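In the text below, chain A, chain B and the rest are named by the order of the sequence lines, each starting its count at 1. Since the model is a prediction, treat every value here as computed from it, not as a measurement.
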Number of protein chains: 2
Amino acid sequence: MLSKKTQYAFQALMYLAEKDNDEPVLIAEIAKKKKIPLKFLENILLELKNANILESKKGKGGGYFFAKNPKDVPLATVMRLLDGPISLLPCVSLYFYERCKNCDEKGCGLHMVMSQVRDANLKILEKKTIADLAKG
Amino acid sequence: MLSKKTQYAFQALMYLAEKDNDEPVLIAEIAKKKKIPLKFLENILLELKNANILESKKGKGGGYFFAKNPKDVPLATVMRLLDGPISLLPCVSLYFYERCKNCDEKGCGLHMVMSQVRDANLKILEKKTIADLAKG
DNA sequence: CATATTGCGTTTTCTTGGATAGCATTTTTT
DNA sequence: AAAAAATGCTATCCAAGAAAACGCAATATG
């Protein structure tokens, strides 16, 4: 399961993407509309900003907006950023790989199946973007 | 990521499945060979027993062995038993469904994508069984 | 300067994963 | 019947992580 953090992130990103204009949106507005704890959302948006997915502006008329086109933000990127590995096992992870203590990873049945699972997931999650979520 | 519990379970089940004979295997033996904390493994095997996947025998010559053919135990079953939902969101889970607060689940882009992911996962995890892990 | 807004370190709370301890129960053997 | 060999089961603990809240600093606008 995705963590609340990532779930909230998707909600917030969807909300931003659905706005036609590119004007800054208040954290408070997103929090209210999407029922996300304000302070928690603050942290999340900040992480998204530090990852160059969002941008922000302070002071009056400030808020958050996309740093890049939503169609250039794959779901996998958001998930890795906030939740870490997408794979089910460390030994099949592409971005968070860790060697397996028991199996030699070659001829290990579990390793093979989990690689399949990973590929099936990535095929979808790398291709689908925030833009795909919005155009409902 | 799978929890340690489920990872250990797969290791243990693979070990049992790789034994040709159907003689009981000591918890201690599995723990040693697979480097799993003994007491922790005890709990795991017990859960697998209560789910009718394994069977046990006490006393001398006792131990654990399969209650059914390993080829009749899909990976998904083990995962749901020990880790809960396979889906990434509660609102797309088949066995642990919870309604979504925000979206109406119909015309929700996120819901659609996550359903796809779930299906892709289940297609593999429901079909592959413990037997597939063993024949390495 | 006053006001609006994000930035950010800190802390708190809560949950869960992971692991340990100890005794109870069942079965086999002698 | 007693001893030995296993699992059964419950309770508990610890650490880490997730989720959330607090307070003030920094920055931008007018």
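For C:dG7, one of the phosphate oxygens OP1 or OP2 lies less than 4.0 angstrom from a side-chain nitrogen or oxygen of A:Lys49. OP1 or OP2 of D:dA6 has not a single side-chain nitrogen or oxygen of B:Ser56 nearer than 4.0 Å.
Nearer to the 5' terminus of DNA chain C, by closest-nucleotide assignment, is the contact made by A:Val25 (compared with the other of A:Val25 and B:Lys57).
Between B:Phe65 atom CZ and D:dT7 atom C1' there is a gap of 12 Å when expressed in whole angstrom units. To the nearest angstrom, C1' of C:dG7 lies 13 Å from CD of A:Glu47. Atom CD in B:Gln11 sits about 14 Å away from atom P in C:dG18, given to the nearest Å. One can place CD1 of B:Ile44 at 14 Å from C1' of C:dT20, the figure rounded to the nearest angstrom. Between the CD atom of A:Glu55 and the C1' atom of C:dT5 there is a distance of 16 Å, rounded to whole Å. Across the protein-nucleic acid pair, B:Leu41 atom CG and C:dA21 atom P stand 16 Å apart, rounded to whole Å. Taking atom NZ of A:Lys60 as the reference point, atom P of C:dC1 lies 19 Å away to the nearest angstrom. Computed from coordinates, the B:Leu46 CG to D:dA6 P distance equals 18 Å when rounded to whole Å.
When heavy atoms are screened at a 4.0 angstrom cut-off, B:Leu45 is found touching no nucleic acid atom at all.
Using a 4.0 Å cut-off between charged side-chain N and carboxylate O, B:Lys33 and B:Glu18 make no salt bridge. Using a 4.0 Å cut-off between a side-chain N of Lys or Arg and a carboxylate O of Asp or Glu, A:Glu29 and A:Lys34 do not qualify as a salt bridge.
Side-chain N or O atoms of B:Ser3 include one that pairs as donor or acceptor with a backbone N or O of B:Thr6 at under 3.5 Å. A donor-acceptor pair is defined here as one N or O able to donate and one able to accept, closer than 3.5 Å; no such pair exists between the side chain of B:Asp83 and the backbone of B:Met79.
For a distance-only test at 3.5 Å, the side chain of B:Lys58 qualifies as a donor-acceptor partner of the base of C:dT25.
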Below 3.5 Å, can you tabulate the donor-acceptor pairs from side chains in residues 49-68 of chain B to any protein atom, sequence neighbours excluded?
{"residue": "B:Lys49", "atom": "NZ", "partner": "B:Ser56", "partner atom": "OG", "Å": "3.3"}
{"residue": "B:Asn50", "atom": "ND2", "partner": "B:Leu46", "partner atom": "O", "Å": "3.4"}

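The nearest pair of heavy atoms linking B:Glu126 to B:Ala76 is OE1-CB, 3.5 Å. Residues B:Glu42 and B:Ile27 approach most closely at CG-CD1, 3.6 Å, considering heavy atoms.
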Protein heavy-atom contacts under 4.0 Å, written 5' to 3' over nucleotides 11-22 of chain D as B (base), S (sugar-phosphate only) or - (none), form the string --------SSBB
